[in-house]
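Report on the following structure.
Any value given below was found using the heavy atoms of this structure, including those in side chains, with hydrogens, waters and symmetry copies removed. Here is the naming used below: chain letters follow the sequence lines, and residue numbers restart at 1 for every chain.
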2 protein chains.
Amino acid sequence: MAMAANILVVDDEKSIADLIEVYLKNENYNVLKFYNGRDALLCMEKESIDLAILDVMLPDINGFSICQQIREKHNFPVIMLTAKDEEIDKITGLTLGADDYITKPFRPLEMVARVKAQLRRFTKYNAAEPAPEENAIVFSGLALSKDKHECTLNEKPLSLTPTEFSILWVLASNRGRVVSSEELFHEVWGDKYFTNSNNTVMVHIRHLREKMQDSAERPKYIKTVWGVGYKIEG
Amino acid sequence: MAMAANILVVDDEKSIADLIEVYLKNENYNVLKFYNGRDALLCMEKESIDLAILDVMLPDINGFSICQQIREKHNFPVIMLTAKDEEIDKITGLTLGADDYITKPFRPLEMVARVKAQLRRFTKYNAAEPAPEENAIVFSGLALSKDKHECTLNEKPLSLTPTEFSILWVLASNRGRVVSSEELFHEVWGDKYFTNSNNTVMVHIRHLREKMQDSAERPKYIKTVWGVGYKIEG
DNA sequence: AAGCCGGCTTAAGACAATCTTAAGAATTTG
DNA sequence: CAAATTCTTAAGATTGTCTTAAGCCGGCTT
């Protein structure tokens, strides 16, 4: 089941932004709309974006500047919006990494078509690389290999029991996101059980932390979010 | 058995409106015909419309204006009718949200084809999937992520308790609107409780304001509207 | 201007989620 | 089959969070 693509729309002209939103939502895209650059940049950190539509002229930050920042940190296509007479900027915009540009005023249906084209192109190239099923997770000193069932932390091997490995795997593959102990339980043990004793999970977390030289009070890796669950940072 | 689609037709030229009606009825559509904008707008409130055909030039209200109002309140495709020489308006019409346009004079069968195309397109996309639940809210320096259960204000992280997070989430997702403490209570705690003690809500608001370096007397973010509730500005 | 009423503040006690520990049950291994 | 390892359960300790209540303050009304 494919998730609807998240599209970031940034334009200080509310009417334009709203128009784009209407059309994209009509195509069942998930639209994240902003009227200034700062909020948009903030949003990128929180959300996983699939495509961005940026106005060149923004009140706080130049659209090109945003585009550059996207290129540095992220990897999704960018479409720039530019007034018809800003001829020179076209080239500049493309040079700085935009994947396409649309001049205002534009026909909404054409805009939608271009968005689709970019998404198609992007997913096509990206469909090549990633293995259908993740087999290894590596980030910030932590490395997990599913088929080897091995784990190293800062090059030092950790000998984990099967359950511990599974828990860490679930946390790592959801890194950044808080996972409740109920969810963890179901991911690791399967849906067949219906115990309310998430205490079991807790004990394993405890063991994990011990082996990772982590602690509950000052967690370096597995953080507990009170009343919600556990999470491991990216 | 699929219900015949309701099609709203608005044109002050009676002959044109009648012509459209004849052809659409021939295709077994249910036609709601009006010769002015006001009656058409009224009708939309009463009836469930599937598609609208609007003339640009109307005696009382501009066709574009109607189109905008449809976009705000409803979610059905709009086809605009425009005289051949109104070249410039084509773009404007589309810009304001029309899904298609037909220039007069037109060939009735082409008109019918376009209606069918729009209905097909619309129902297809609407069958796709319901809009995914919002996961992040970002605006004017405030950023909330449900997944990460994190909150930042002007790039500075706020560590919120679960209840505080929920309250801020409700306020943020209703930004601009005043939310009464009763409503807040029900949104956050659920409908199972029936205490009238909105005092609890107040205390949490207090804590929130403290963490946001906000104050009741000179509120920057969470404003109290006397006798009504709380609100957070967009 | 005075008094009422709604909102604000504060802190302490109640409560609930998490942590820790250890022992016994289950499972795997030799 | 015995030993070792791993998993689960349970109970108490601990900590973070929520609620309650009482007094204060300030805007609204007469």
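Ring planes of B/Phe185 and B/Trp189: parallel class, angle under 30° (limits at 30 and 60°). Relative orientation of the B/Trp169 and B/Phe165 rings is parallel, given thresholds of 30° and 60° on the angle between their planes.
Side chains of A/Tyr230 and A/Asn174: no donor on one and acceptor on the other come within 3.5 Å.
Minimum heavy-atom separation, A/Val10 to A/Ala40: CG2-CB, 3.6 Å.
Within the structure, every side-chain polar atom (N or O) of B/Thr161 is placed at least 4.0 Å from both OP1 and OP2 of D/dT17. Between A/His207 and D/dC7 there is no side-chain polar atom (N or O) within less than 4.0 angstrom of OP1 or OP2. Taking side-chain N and O atoms only, A/Tyr230 has a distance below 4.0 Å to OP1 or OP2 of C/dC19. Under 4.0 angstrom from either OP1 or OP2 of D/dT19 there lies at least one side-chain N or O belonging to B/Trp189. Between C/dT20 and A/Arg209, no contact under 4.0 Å exists linking OP1 or OP2 to a side-chain N or O. Under 4.0 angstrom from either OP1 or OP2 of D/dC7 there lies no side-chain N or O belonging to A/Thr200.
Straight-line distance from the NE2 atom of B/His204 to the P atom of D/dG16: 17 Å, rounded to whole Å. For the pair B/Ile167 CD1 and D/dT19 C1', the interatomic distance rounds to 12 Å; values are reported in whole Å. For B/Trp226 and C/dC5, the CH2 to P distance is 11 Å, given to the nearest whole Å. When the P atom of D/dC7 is taken as reference, atom CG of A/Asn198 falls 18 Å away, rounded to whole Å. For B/Met202 and C/dC5, the CE to P distance is 16 Å, given to the nearest whole Å. Distance CG (A/Asn199) to P (D/dC7): 15 Å, rounded to an integer number of Å. One can place CZ of A/Arg218 at 18 Å from C1' of C/dT18, the figure rounded to the nearest angstrom. Taking atom CD of B/Glu182 as the reference point, atom P of C/dG6 lies 12 Å away to the nearest angstrom.
A residue-by-residue look at A/Val203 and A/Lys211 shows that A/Lys211 has its nearest nucleotide of DNA chain D further toward the 5' end. Toward the 5' end of DNA chain C, the nearer of the two residues A/Thr224 and B/Gly227, judged by each one's closest nucleotide, is B/Gly227.
The side chain of A/Arg206 sits closest to C/dT21 out of C/dT21, C/dT9, D/dA11.
In terms of modelled atom types and a separation under 3.5 Å, the side chain of A/Asn6 and the main chain of A/Asp50 share no donor-acceptor contact.
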